Every structure is written in structure tokens, then in C-alpha cells.
Amino acid sequence: MATDFRLKNLLPDLTEKIVATYTPDDRINHLGHCPLPSYEAVAGILTDLKDVLYPGYRRKVGLHSGNIRYHVGGLIDQLHDSLTTQIARALRHEDRVRNSHSDCESDVDFEAKGQAMAIELLQRIADLRKILRTDVQAAYDGDPACQTTDEIVFCYPGFEAVSIYRIANQLHRLQVPFIPRMMTEWAHQRTGIDIHPGATIGDHFFIDHGTGVVIGETCEIGNHVKLYQGVTLGALSFPTDGDGALIRGTKRHPTIEDNVVIYASATILGGRTVIGHDSVIGSSVWITRSVSPFTTVTLEKPQLRVRGGAAISGTHDFDFQI
Amino acid sequence: MATDFRLKNLLPDLTEKIVATYTPDDRINHLGHCPLPSYEAVAGILTDLKDVLYPGYRRKVGLHSGNIRYHVGGLIDQLHDSLTTQIARALRHEDRVRNSHSDCESDVDFEAKGQAMAIELLQRIADLRKILRTDVQAAYDGDPACQTTDEIVFCYPGFEAVSIYRIANQLHRLQVPFIPRMMTEWAHQRTGIDIHPGATIGDHFFIDHGTGVVIGETCEIGNHVKLYQGVTLGALSFPTDGDGALIRGTKRHPTIEDNVVIYASATILGGRTVIGHDSVIGSSVWITRSVSPFTTVTLEKPQLRVRGGAAISGTHDFDFQI
Amino acid sequence: MATDFRLKNLLPDLTEKIVATYTPDDRINHLGHCPLPSYEAVAGILTDLKDVLYPGYRRKVGLHSGNIRYHVGGLIDQLHDSLTTQIARALRHEDRVRNSHSDCESDVDFEAKGQAMAIELLQRIADLRKILRTDVQAAYDGDPACQTTDEIVFCYPGFEAVSIYRIANQLHRLQVPFIPRMMTEWAHQRTGIDIHPGATIGDHFFIDHGTGVVIGETCEIGNHVKLYQGVTLGALSFPTDGDGALIRGTKRHPTIEDNVVIYASATILGGRTVIGHDSVIGSSVWITRSVSPFTTVTLEKPQLRVRGGAAISGTHDFDFQI
């Protein structure tokens, strides 16, 4: 009816057997005096940044003109320190991997570099607020189920994912390693929307529902673009070098010009594929070639097999589907 | 090797620059003395409600006939207070947006209204338990991988999403603003299943796997309906008024009658689309027109291109796919 | 302006009405002295196991050869106790359901059985680390956006889901009830990837992006297989017995042989469907029959309707799509 302590005595040997597998050059343990960025710290940075970008929604209520600067000033101070530390860790880690150091033996002042990048990000917050305002407007204009813009800021997963992408993309442009991807994967976990921080996305961008959306690293998306759930902007087969290893860094994902709408579960693939401005790609369409401006592409009559019942009513012209 | 304090002295100016962007009529800050509902409080309400709806599973173990009324009585008391506060906030917020008040200047007693709605919701719990019991039965009857009904209550994401939808839908019917959508987005984040609180759904409803399911605001779903992952019950193009603005509130999403099964990644669109009772919509079918009762719709032979290998074995009759 | 205490006096009656619905044989309450496994404890077990499987990434930093054995030894000790308790609860629950006991009246020593299974799982950790190392390598080899293998361990949802599946699958093989499914649903919630713990999966397995992937209970997957987001490896219609009840336990899901790549949103269904080794299944393909080795299956020219614009540029040969 209780634990057998003789069996429990096996544990020290078992521990030794596991510890023996943690070899220094192993790719699934990270030992040494050179820590990676902290996942929790990066999540905390995002929560703080969202509170600065759109205050009064989630965490702290009762903010008003009399106290807002103390609240935001405290957050900015804390963000400066936390961003500096985490970016320094990411830079040191990248340096170590690139130069195959066995441990933190570089002479570079990563903290100073981290601080400069942290301040640069914080200086971009006012501009980030400008573009996020256009994203909120696009969501309101694009969703008939939306009653007020507050709902969008408060709980739309598309806006959450795009907010975090925009932060991560700024860090990506500042050439901060590692952390941008941590951020967009944090958003991916919370929203089902996977936007690579290296993608380029214009203003007034809206993703409705969003679960399953994938936007690849080398996508270029214009202004006033709307996507629905399950849309993939992905790659065709990857080019490999003479040894069969992947060639990294080429444009593998499509370009979407201004004012394009892409409906649920459409799949658009390939680095040379351009969807021309003011086009509409219908639900479930699969496309790997370019489309000129002002084009509507929908599924032609689907090949359906209908058994029983009195057939499908209406004609199959699908004239109103977009 | 350390932070440069001269750089840190830039932060107060940087803070002022950000604070200057928080203008009173801005759509991405919510300042003033009139707080929005609290996201954490609403999440807490859902956790408490789930513990009342199906006690003994998640949070508190060791409940039995001798102590259950104290546990539930304490939760109901707490739910009364928390629901009253949060609904009052939502009502005051809606009033302010509708009437363009600059702050909380209405004379309406929103707490009294909130309390009445809170009690009305709590009075519906016994009925909610009745319908959730049918949902559990439907999951057990519909999933051959399920061993006991306890698994369903404990960890099936479809049951989680439907439970929270049913709570949110009751609040939606009571015309509580804002909070129903917060609740279904909380479920969406946890399950990948996005059910609008305004949808109408009958008893014995089961969603298997569920990631990517979208059920729109004006869907009407009968009894004994089963959906799989990736199913979209969505809208066609939205009607706009003379100024190009969306017309909100029309029926834009399909009607699914009793005893219908819809397999993975099927897409059914349009407010006039009716899937007749006892029909089956096969995996990956895309449909925008009505189907009569007792109909099976599957993909006809897909247009596949096969290269290499010795071709696909078997015939392409797909007779057993449903 | 405040709560009406007369209305609050309704709450005791309301509580009694709810408590009256908690009948002993009800499927949506779990009362009695025989607790289910704790969801929080199982989540804690997974967090501890991940720290043992790949130390130094997420929770504890600053681990090195001088302190790693204390850290891991402490975790193993804690895992032993926690696994023993939770497995014992799951075994007792299963016994009660199977034998229709009204409460915990069995004479079996479930703690002793739980301890044996707990130690068996811990003894398999070194082997689990071996296979997880191949999964990390496969992710690095398969994703051109990946810069270092550390990113994969740190934040790739596919690796997270596969790690937890591999733990859950070991418990499933040890015939631990209930807990394996809790574990994979925990992963499903965090990643959108739903792998049944009963599936069989070889080494070098990689799921990229991952949202919406479903891998059914009786799937058999070889070595060096790569899947993208939205792939379903699912069942056709379920066989039922003479009473219309589902027959549980037959092979309902496909077999995927070695070196197969399955692109985004492909759907492969049926227990007799075999995808031969070294084959490629293209994006959005829907298939319910077997494919011989070395075969590439892609969508033939899709039936698209193009309106406006100057048509789609390029030919529709799709030669480079895989």
C-alpha cells in the first residue's frame, strides 16, 4: 500500500546514468556559464511592451492622465534593464555558436551592445503605436461581428499575433538573434498564428480567426491586406547545395501586394509568386503562380459526389463567393 | 562590460514622447476612471463555473456528498460578486461607447443590472448541466479512441470549447456586452476552436480534435451534430451599405440541421446555405449551396498528379470515405 | 448603485438546486474518495521531465558539470514520487470504472504498481534522449529558417509536441491509463498539434509549424518522416457492431513508411492506406488509397475560376511544387 524504499534506492544510479549522457557537445543540453535568454523574461518583456503600446486594457486598470506617466515610466525603466540583459545573452550565445567557443570567452562587451539595441527598440514605440492603430482600424472595418474597437485590442488573436510580430520584427531588423523567434513562437502558442519575425508586412493588416495561419520568413506583404484562418504563405521545395544541405536565406515565400484579401485555408506558395494588388483569393484555393492586379481567383465547380437526398439545391455558379 | 548610465538617462524623455501619444480619443489606449472588464477576473469566473458545472475533475479533488455543498456554495457566492462587478463594467463601457460619454457620467445603476444578470446566469446552471451531459455522451458515442467519459470532461478540447461557448451564449442571450466574446476567445486560445457566442447550437454536439474550427456568429446548428478539426462554418462576401461600410447583424453563416456529420477541413459558407438533416459532408469538401436531407457529399476523384512509383494502388472509387 | 442583498439571499436556494443535480452515477461530476489524477501535477511532471531530457534551456540556467547532478538528482527524486502518486490514481480509477465499484474498494496495491511503472519510465530517459537528439537533427536539416539547433529545443512547437508524445507513448506502452492522453492534450493545447499517445513514430521525426496536425491512435510512422501544418492522418468511417456502437481498437489510421514528406494540409485517411517509403505527398492533397514507394503525388491543375486581371501568369505545370 505504500512506496517501496528499496526500489527508491535505485534512483541515484539512475541519475548517474542520465547525467553521463550530458556530454559537452550535445545538441540537447545547454550546460556552462553562458546562459541562453530566459523564456519567462522574454514573455515578461512582451507583457510589459503590450502595456506600453496600448495601456489600460489588460493588466492595469484605472490609468488616467494623472498617473499614466508614472506607470509607463516604470515600465520603460524595467524594459530597459530586462531587454539589455536578454539581448546581451542572445548576442553572447550567437557569438559562441558562430565562433565555436567552448564557453563565454569572448572579449566583446555584449551588455553595451544589448543596451544600445534595447534603447533603439524603445525609441520605436511611438512609431509602433502608429502602425498598430491602422491594424485596429483594419480589423474593425473588416469584421461584421465586431462591435467596438476595444474588443479588438482586448481579445482578438489576430491583433495579438500581429502586435507581437511587429515588436519581434523590429528586433529582427536590429539583428538581435534568437529573441525575435522566441517572441513569435510565444504568440503562435497563444493564437495558432505563426508569423516569422523576418517577414515584411505593411500597415492596415488584419487576420480574422487566425488559427493555422503560417507566414514564412521571406514573405513581403503590402498595405491593407486581410487574411482568414488557415492561410499558408509558404515555400515550394527548398534548394539544396552540392552536398544536399539546405541553402538558407533565399526568397522562398510569396509577395502579396496592397489591398489583397485571402480567404480561409487558401495556400499560396513560392518565392517568385506575386499576388497583384486589389486581388481576391477565394477560400481553399491552392496557387503557386503569380496573379495580376484586380484578379479574383476562386475554386471552379468542385468535383463533388452526391449520394442520396434530392441533390444540391441551387446552381453551382458560386457567383457570390469571394 | 556594464550598463551605460548616461544612455539610461535618455529614458525620461523617451517616456514623455510615448505618453504624448496617449490622446483621449485614441483607439489603442483606454484611460479614464471607467475600467473595462478584467481579463483575469473573467478567466477566474470561467474556472469557477467549470468547477460548479462538473465538480471533482480539475481543481479540487476529494469532493464527496459530505462537503460538496460547502465547496459549491462558496463558489456560487464568489461568482455572484465577481460576475456582478464584471458585467457592470461591461455595461458601463457599452453605454459610454454608444452615447459617446467622455467618462463614466451615466446615471444608470449598472451594478444593479449586473447583479440581476449574474443571478439569472447562476439560475441557469442546472439546465446547462443537462445539455453538457448530452455533449459528453455524444463525444463518447462518436470517438472510438475514447475509453471513459471521464477523459472527455477532463481533457477533450472540444468539450472545453463547447462548455465555454454554452456559458458565453447564455450571457449573450442576456445581452451582456463584451464578456461573452472574451470568454470564447479565452477558449479559442486554449483549444484552437473559435465559436462565436452568438451562434445557436443544439444538444449532443461534439467537435473532435478541433484545432482550426470556426463557427460564425449567425450559424444555426441542430441536435446531434458532429464536426472534425478544421471545419469552417463561415460567411461569403459581406454586404456593405452605400458608403462601403459593412452591414452588421444579417445572417451570414450556414444552418446545419439535426444529425449531420462534417469531416475534417470541410468549408461550408453562406447565410442561405442549409445542410439538410442526416447528411454527411466529407473531408475537405467546399460548399456554398444547400444540400437536402439524407445526402452524402464527398470529393469526387481528386485531380492528382502521380509521378514515379508504380501508381496508386486500388481503385479511385473512394466508396468507403465519408 | 450597489449590490442588493435581498437578491443575494437567493443564493443558498440556488446552491441547493445545483447540488441536487450531482447524482452518484452522473457522468459529469466526480465525487467520492477516489481522486482522479491531478491535471496540475501531470503538467508539473512534464515540465520536470523536459528539464531532465534537455537541461539548461527553459527553467534553470547556469547549470554546469559541477552542479548538474544535484539538479537532475533532485528532479528524479521528485518525479519518482509524483509519478507514483498520479499513476496509482489513474490505475485505481480505471479499476473502479472497469469493475463498476462504487468507490475505492479494491484490494489491489495501486501505489506499488504505480511505483514500478514510474521507475520503468525514469529508466527509459537515456533512450528517450537518444531519439530526441535525432528529432532535433531532423528539424535542423528540414527547416531553412532555422539558424541553430538551440532554437529548436527552445521554442519549436513541433519539437515540444513530439517530446511530450514520446513521453506519453512510453507510459501508454506501460499500460498506464488516462495520463498519456492528459499529456498529449496538454501538448495539443500549447502547440495545436494533436498526436494520440498510441501512435507509433520512428526516429528523425519533424513537424514544421504544426498547427492543426492530427495523428490518430493507430498510425504507424517510419523513420525520417516530415510533416507540415494542417496534415491529418485520420480515419475513414468507423465500423460499428450489431447495436450500432463503435468498435474500438481496430487499425483505423494510415501507415507512413520511411523518408516520406507530407506537405501542408494534406489529408491521408484509412487504416489500410500505406504511403510507401521515399514518397512525397503535396500540399492540400486528399488521399484514401495506398501509394507505392518513391511516388510524388501533387494536385493536378486546380479548377480555378479567374475573373478580372490579365489571368494568372506562367503556365500551370506546377513542376516545382512538391
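Below, chain A is the first sequence line, B the second, and so on; all start at residue 1. Treat the numbers as computed from the prediction; the structure is a model and nothing was measured.
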- Message: I want to check something: taking the side chain as every heavy atom from C-beta on, are C:P157 and A:H188 in contact at a cut-off of under 4.5 Å?
- Response: yes
- Message: Looking at C:D150 and A:R27, is there a salt bridge between them, counting it only when a charged N and a carboxylate O are closer than 4.0 Å?
- Response: no
- Query: In terms of heavy-atom proximity below 4.5 Å to chain C, should A:F178 be classed as side chain, backbone, both, or neither?
  - Reply: side chain
- Query: So which part of A:D13 gets closer than 4.5 Å to some heavy atom of chain C, the side chain, the backbone, both or neither?
  - Reply: neither
- Which is it for C:R69 and A:Y22 under the side-chain hydrogen bond (donor to acceptor under 3.5 Å, both in side chains) test, yes or no, and what are the steps along the way? CA-CA 10 Å; C:R69 63 175 28 80; A:Y22 300 143; over 6 Å; no
- Note on the structure: Cut-off 4.5 Å, heavy atoms of chain C, and the answer for A:E16 is side chain
- Between A:E40, A:E94, A:H93, A:K17, which shows the greatest number of heavy-atom pairs under 4.5 Å with chain C? A:H93
- So with a 6.0 Å cut-off around CD of A:Q175, is the heavy-atom count from everything else above 12? no
- Message: Test your reading of the model: is there a side-chain donor-acceptor pair from C:Q115 to the backbone of A:D4, 3.5 Å cut-off?
- Response: yes
- What distance do C:T211 atom OG1 and A:Q229 atom CD have between them, rounded to the nearest 0.5 Å? 13.0 Å
- Task: Would you mind telling me which of A:D194, A:D26, A:T232, A:L10 has the largest number of heavy-atom pairs within less than 4.5 Å of chain C?
- Result: A:D26
- Message: Given heavy-atom pairs under 4.5 angstrom as the criterion, report whether the side chain, backbone, both or neither of A:E217 touches chain C.
- Response: side chain
- Task: Check the pair A:V214 / C:D208 against side chain to side chain contact (heavy atoms under 4.5 Å, CB included), numbers first and verdict last.
- Result: CA-CA 10 Å; A:V214 174; C:D208 202 1; over 6 Å; no
- Note on the structure: Taken in chain and number order and not counting sequence neighbours, the residues that satisfy side-chain contact (heavy atoms from CB on, under 4.5 Å) with C:H71 are C:D51, C:K60, C:L63, C:L75
- Item | Residue part contacting chain C, namely of A:N29, when any heavy atom lies under 4.5 Å | both
- Task: Can you tell which part of C:E151 gets under 4.5 Å to a heavy atom of chain A, answering side chain, backbone, both or neither?
- Result: both
- Atom group of A:L7 that falls short of 4.5 Å from chain C, counting heavy atoms: both
- Message: With a 4.5 angstrom heavy-atom cut-off, is it the side chain or the backbone of A:T21 that approaches chain C, or both, or neither?
- Response: both
